[in-house]
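First up is the structure itself, then whatever we jot down about it.
Just so it is clear, the model here is predicted, and its values are computed rather than measured. No hydrogens, no waters, no symmetry mates; every other heavy atom, side chains included, goes into these values.
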Amino acid sequence: MDSGPEELMPRLLPVGNCDLPEDFDPAVPPRTPQEYLRRVQIEAARCPDVVIAQIDPKKLRKKQTVSISLSGCQPAPEGYSPSLRWQQQQVAQFSAVRQSLHKHRSHWRSQPLDSNVTMPSTEDEESWKKFCLGERLYSDLAAALNSDSQHPGIDYIKVGFPPLLSIVSRMSQATVTSVLEYLVNWFEERNFTPELGRWLYALLACLEKPLLPEAHSLIRQLARRCSQVRAGVEHKEDERVSALNLFICLVGRYFEQRDLADCGDPS
């Protein structure tokens with residue numbers, strides 16, 4: 001038996017055999033309701049049973065799938081874990097920063113950017129990494145370090161632009177999430193730096209609650225990476241420890257990813 005479209009899609013209105021002239025041409029625009037209905041029947045009968053979409057993979061963004069890992073952070077080495085009181089203080093300060101940013105966003109957005117500041121498009125991953133981290137850090141060029149003394153003043157192209165309020169206030173949530181993704185993925189393969197830390201803090205401050213699934217996955221990835229780097233630090237006096245503890249604290253305490261938070265002593 002020939003399976004017609006009626007078996008999967010019941011008719012909403014009864015349509016019988018249309019009384020059409022012998023010279024009926026379905027390619028010609030219908031002139032009567034009967035011709036229109038007959039043309040619909042012919043087009044439906046020509047539809048294949050299975051349709052395969054032709055997708056150009058070049059137009060798809062990388063890493064489309066959002067994968068949320070349930071694994072926790074690596075425990076802090078002895079003497080590296082911050083106290084519970086310290087964590088509470090950081091959460092309170094971070095909350096105040098977010099409130100101030102939200103309150104004054106319109107003001108800072110209206111402030112003109114310096115002539116040397118050109119914000120990349122949201123999709124331009126490489127340009128954003130250069131913009132935030134600087135060409136020196138992005139390219140890992142030791143030669144750039146030696147050339148700094150030859151040029152007085154700060155060259156933001158080399159050292160990266162700081163996350164000024166006039167810059168981050170112009171970033172949409174889509175851009176905030178994308179740049180956070182670029183930097184977290186960069187951090188997965190490299191060590192922690194002050195340039196990276198200041199941008200991660202600013203982007204977390206700009207994230208709106210409730211978090212989208214992609215942002216939720218990214219901040220968990222960030223906390224796990226921080227714990228991994230912290231576990232490899234040889235001395236607890238290393239300045240990176242405090243910064244790494246801060247991001248683990250914010251993800252675990254402020255963004256309520258409790259399974260990733262350091263326990264910390266009550267002192």
Side-chain angles (χ1 to χ4, degrees), residues 53-68 94 97-98 100-141 144 151 153-223 225-226 247 250-251 255:
Q54 301 298 321
I55 300 176
D56 183 1
K58 295 180 181 179
K59 295 182 179 180
L60 295 177
R61 285 189 59 197
K62 296 182 293 182
K63 301 181 180 179
Q64 289 278 319
T65 303
V66 176
S67 177
I68 299 178
F94 181 68
V97 169
R98 284 172 59 90
S100 178
L101 178 61
H102 177 74
K103 180 178 180 181
H104 301 291
R105 180 182 296 273
S106 298
H107 167 75
W108 287 109
R109 186 185 296 151
S110 65
Q111 300 303 303
L113 294 174
D114 291 342
S115 59
N116 63 334
V117 179
T118 301
M119 297 174 62
S121 63
T122 300
E123 299 79 12
D124 194 343
E125 177 176 355
E126 302 308 313
S127 292
W128 268 113
K129 287 188 289 191
K130 292 179 182 179
F131 184 87
C132 300
L133 306 174
E135 291 184 351
R136 184 180 69 188
L137 190 59
Y138 171 82
S139 304
D140 293 325
L141 292 177
H151 302 281
I154 299 177
D155 186 347
Y156 288 114
I157 302 299
K158 289 183 178 180
V159 302
F161 289 91
L164 303 174
L165 290 173
S166 57
I167 293 177
V168 297
S169 295
R170 285 174 162 82
M171 299 172 67
S172 66
Q173 279 301 291
T175 301
V176 169
T177 304
S178 294
V179 177
L180 181 62
E181 178 184 2
Y182 303 152
L183 297 184
V184 170
N185 289 337
W186 188 90
F187 183 32
E188 282 287 347
E189 301 176 357
R190 295 168 181 82
N191 212 326
F192 184 86
T193 67
E195 294 87 352
L196 176 66
R198 65 190 183 187
W199 267 100
L200 290 175
Y201 189 91
L203 293 171
L204 291 181
C206 292
L207 275 182
E208 295 179 357
K209 284 186 171 184
L211 296 179
L212 296 175
E214 183 177 2
H216 177 266
S217 176
L218 286 171
I219 65 171
R220 291 183 62 85
Q221 180 183 349
L222 171 61
R225 176 58 180 162
C226 286
F247 288 116
L250 296 181
V251 172
F255 290 104

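Contacts classified as side chain to side chain donor-acceptor pair (under 3.5 Å) and involving residues 163-172 (residues at least two apart or in different chains) are given here: Ser172-Thr175.
Across all non-hydrogen atoms, the minimal contact from Leu101 to Cys206 is CD2-SG, 3.5 Å. Summarising the geometry of Glu214 relative to Thr177, their closest heavy-atom pair is CD-CG2, 3.9 Å, with the distance given to 0.1 Å. Annotation for Gly197 and Phe247: closest pair O-CZ, 3.3 Å, computed over non-hydrogen atoms. Closest heavy-atom contact between Ala174 and Thr122: O-CG2, 4.1 Å. Across all non-hydrogen atoms, the minimal contact from Pro162 to Ile167 is O-CD1, 3.7 Å. Nearest heavy atoms, Glu125 versus Tyr182: CG-CD2, 3.3 Å.
Atom CZ of Phe255 sits about 6.5 Å away from atom NZ of Lys209, to the nearest 0.5 Å. Between Leu204 atom CG and Leu218 atom CG the span is 10.0 Å, to the nearest 0.5 Å. For the atom pair Leu250 CG and Cys226 SG, the distance stands at 9.5 Å (nearest 0.5 Å). Note that the CG atom of Leu222 and the CG atom of Leu180 stand 7.0 Å from one another [nearest 0.5 Å].
Without hydrogens or angle criteria, Trp199 side chain to Phe161 main chain gives a donor-acceptor distance under 3.5 Å. Judged purely by atom type and a 3.5 angstrom limit, Glu188 has no side-chain atom pairing as donor or acceptor with the backbone of Val184. Side-chain atoms of Arg98 come within 3.5 Å of backbone atoms of Leu207 as a donor-acceptor pair (strictly under, hydrogens ignored).
Asn185 places a side-chain heavy atom less than 4.5 Å from the side chain of Gln221. Val117 has its side chain within reach of Phe131: a pair of non-hydrogen atoms, C-beta onward, lies under 4.5 Å apart. Contact annotation: the side chain of Leu212 never approaches that of Gln173 to less than 4.5 Å [non-hydrogen atoms, C-beta and beyond]. In this structure the side chain of Leu183 reaches within 4.5 angstrom of the side chain of Leu133, judged on heavy atoms.
Taking a cutoff of 4.0 Å between a charged side-chain nitrogen and a carboxylate oxygen, Lys130 and Glu126 do not qualify as a salt bridge.
A search for side-chain hydrogen bond (donor to acceptor under 3.5 Å, both in side chains) contacts involving Asp114 returns nothing, not counting sequence neighbours. The side-chain hydrogen bond (donor to acceptor under 3.5 Å, both in side chains) search around Glu208 returns none, not counting sequence neighbours.
Annotation for His107: atom NE2 counts as buried by contact number, over 12 foreign heavy atoms lying within 6.0 Å.
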side-chain contact (heavy atoms from CB on, under 4.5 Å) evaluation trace for Val179 with Met171: CA-CA 10 Å; Val179 177; Met171 299 172 67; 3.9 Å; yes
